*Asks:* 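Sharing a structure, written as structure tokens. Questions coming.
In what follows, chains carry the letters A, B, and so on, assigned in the order in which the sequence lines appear, proteins first and then strands, with residues in each chain numbered from 1. Quick caveat, the model's predicted, so the values are computed rather than measured.
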Number of protein chains: 2
Amino acid sequence: MLPPAKRITHQREIILQKLRSVTSHPTADELYMTVKEHLPRISIATVYRNLEWLVANGLAQKIEVSGRPKRFDGTVQPHYHVRCQMCGKVEDAVLAPLEDINSRAEKYTGYTICGHSIEFYGICPACSHDQKNSAHR
Amino acid sequence: MLPPAKRITHQREIILQKLRSVTSHPTADELYMTVKEHLPRISIATVYRNLEWLVANGLAQKIEVSGRPKRFDGTVQPHYHVRCQMCGKVEDAVLAPLEDINSRAEKYTGYTICGHSIEFYGICPACSHDQKNSAHR
DNA sequence: ATAAGTGCAAACGATTTGCGACCGC
DNA sequence: GCGGTCGCAAATCGTTTGCACTTAT
């Protein structure tokens with residue numbers, strides 16, 4: 001199903017464009033910073049509202065994991081994420097989607113399963129490097 | 001490794017006991033309510049502090065998913081969860097832990113992977129029933 | 001005595017909301 | 001002109017923190 005193609009306001013457009021131009025899964029606040037460069041008068045509320053709108057209309061994904069601030073993703077294909085436990089960075093984990101586990105879960109839980117998310121957690125290369133350097137102290 | 005068996009204060013004990021007595025993955029606040037029945041003067045801060053302590057000492061698990069309030073689990077064995085998108089309830093999904101995907105992810109991401117969490121999302125039996133009943137309107 | 005743990009209230013960060021102004025059809 | 005959207009400020013929610021007071025050892 002194609003997106004309902006409703007109103008695309010200027011701010012909505014810029015937000016989506018900025019979101020698509022990065023691979024860093026920014027938080028609403030981070031996005032607000034960069035969007036503000038082009039639309040200095042935009043408010044953080046607008047960013048939140050439009051991000052939710054984009055998600056609701058299938059133009060973006062929300063990664064709401066780990067208590068931390070929600071992150072957003074301009075890619076809509078299902079994929080998994082890895083989070084660094086030290087610096088909080090989130091990256092994509094390129095693994096083939098495990099389709100079969102949905103039906104398994106459905107069977108065992110009685111829920112109507114719509115999907116699943118997998119988050120790997122660990123230490124990113126940069127942080128594990130830092131860790132070695134400061135092992136003493 | 002057995003828990004460090006440090007201080008077990010009265011409030012700590014009650015909190016763990018209450019947490020273990022339910023399967024509902026309560027939030028800190030929900031737990032606070034029930035613990036207060038036994039310890040009327042306990043503060044919410046103590047509940048938060050002790051839940052973190054229990055997690056740090058391997059006596060409980062934190063389920064921090066979906067932006068929503070963190071939930072806690074008195075079971076420490078690794079297992080997955082299903083969340084109802086309508087009522088927010090979290091239940092266990094009895095699926096054998098997928099051990100192999102950790103090493104796969106490690107290979108692809110370059111991270112040192114410590115583990116992963118899977119959350120299925122969908123509609124619980126109760127809510128899908130309600131949905132039918134209120135289909136009109 | 002001292003180190004750890006507590007209750008309270010205030011602080012915090014992320015997000016949401018109410019509202020009057022505004023913009024595009 | 002009207003409905004949808006915006007910017008702003010205030011409100012909310014979950015959680016954390018500073019601090020002075022207890023409590024177990």
*Asks:* Please report the distance, rounded to the nearest Å, between CD in A:Glu52 and C1' in C:dT16.
*Replies:*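 The distance from CD of A:Glu52 to C1' of C:dT16 comes to 10 Å, rounded to the nearest Å.
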
*Asks:* Of all the choices, C:dG7, D:dG14, D:dC6, which nucleotide is nearest to the side chain of B:Pro69 once you look at every atom?
*Replies:*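 That would be D:dG14.
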
*Asks:* Do B:Glu91 side-chain atoms and B:Val82 backbone N/O form a donor-acceptor pair below 3.5 Å?
*Replies:*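 Not at all, since once roles are kept as given, no pair shorter than 3.5 Å links the two residues.
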
*Asks:* Please evaluate the base of D:dG4 for a donor-acceptor partner in the side chain of A:Arg49 within a cut-off of under 3.5 Å?
*Replies:*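 When only heavy-atom distances are counted, A:Arg49 does not reach the base of D:dG4 through any donor-acceptor pair under 3.5 Å.
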
*Asks:* Side-chain N or O of A:Ser43 versus OP1/OP2 of D:dC6: is the shortest distance under 4.0 Å?
*Replies:*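 No.
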
*Asks:* Send over the distance from A:Ile44 CD1 to D:dG7 C1', rounded to a whole Å.
*Replies:*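 After rounding, the reported distance stands at 12 Å.
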
*Asks:* Mind calculating the distance between CG (A:Leu39) and P (D:dC8) to the nearest angstrom?
*Replies:*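 The distance from CG of A:Leu39 to P of D:dC8 comes to 12 Å, rounded to the nearest Å.
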
*Asks:* Please figure out whether B:Asn50 or A:Asp29 has its closest DNA chain C nucleotide nearer the 5' end.
*Replies:*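 This one resolves to B:Asn50.
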
*Asks:* Rounding to a whole Å, what distance do you find between A:Ile8:CD1 and D:dC6:P?
*Replies:*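 Rounding to the nearest Å, CD1 of A:Ile8 and P of D:dC6 are 11 Å apart.
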
*Asks:* Is there, by distance only and without an angle test, a donor paired with an acceptor across the side chain of A:Arg12 and the base of D:dG4 below 3.5 Å?
*Replies:*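 Absent.
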
*Asks:* Rounding to a whole Å, what distance do you find between A:Tyr32:OH and C:dT15:P?
*Replies:*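 My rounded result for the distance is 14 Å.
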
*Asks:* Quick one: which of A:Ile15, A:Thr46, A:Val47 gives a side chain to side chain contact (heavy atoms under 4.5 Å, CB included) with A:Tyr32?
*Replies:*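 Considering A:Ile15, A:Thr46, A:Val47, a side chain to side chain contact (heavy atoms under 4.5 Å, CB included) with A:Tyr32 is found only for A:Val47.
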
*Asks:* In whole angstrom, what separates A:Gln11's CD from C:dG24's P?
*Replies:*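 Rounded to whole Å, this separation is 9 Å.
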
*Asks:* I'd like to know if the side chain of A:Arg71 reaches the main chain of A:His25, judged simply by a donor and an acceptor atom lying under 3.5 Å from each other, with no hydrogens or angles considered.
*Replies:*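 Yes; judged by distance alone, with no hydrogens or angles, the pair exists.
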
*Asks:* Can you tell me how far P of C:dT15 sits from CZ of A:Arg71, to the nearest Å?
*Replies:*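 Taking atom P of C:dT15 as the reference, CZ of A:Arg71 is at 10 Å.
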
*Asks:* Rounded to whole angstroms, how far apart are CD on A:Glu13 and P on D:dG4?
*Replies:*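 The answer, rounded to whole Å, is 21 Å.
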
*Asks:* With a 4.0 Å limit, can you tell me whether A:Tyr48 has a side-chain N or O closer than that to the phosphate oxygens OP1/OP2 of C:dT15?
*Replies:*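 For C:dT15, OP1 or OP2 has a side-chain N or O of A:Tyr48 closer than 4.0 Å.
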
*Asks:* Whether the side chain of B:Asn57 engages the backbone of B:Leu59 through a donor-acceptor N/O pair (distance < 3.5 Å, no angle test) should be reported.
*Replies:*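 Looks like no, no N/O pair under 3.5 Å.
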
*Asks:* Measuring from the side chain of A:Ala45 (C-beta onward, heavy atoms only), which nucleotide among D:dT17, C:dT17, D:dG7 has the closest atom?
*Replies:*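 So the side chain of A:Ala45 is nearest to C:dT17.
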
*Asks:* For the pair A:Thr109 (side chain) and A:Tyr111 (backbone), establish whether a donor and an acceptor sit closer than 3.5 Å, ignoring hydrogens and angles.
*Replies:*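 Present.
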
*Asks:* Given C:dT15, D:dT16, D:dC6, identify the nucleotide with an atom nearest to the side chain of A:Thr9.
*Replies:*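 Per side-chain heavy atoms of A:Thr9, the pick is D:dC6.
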
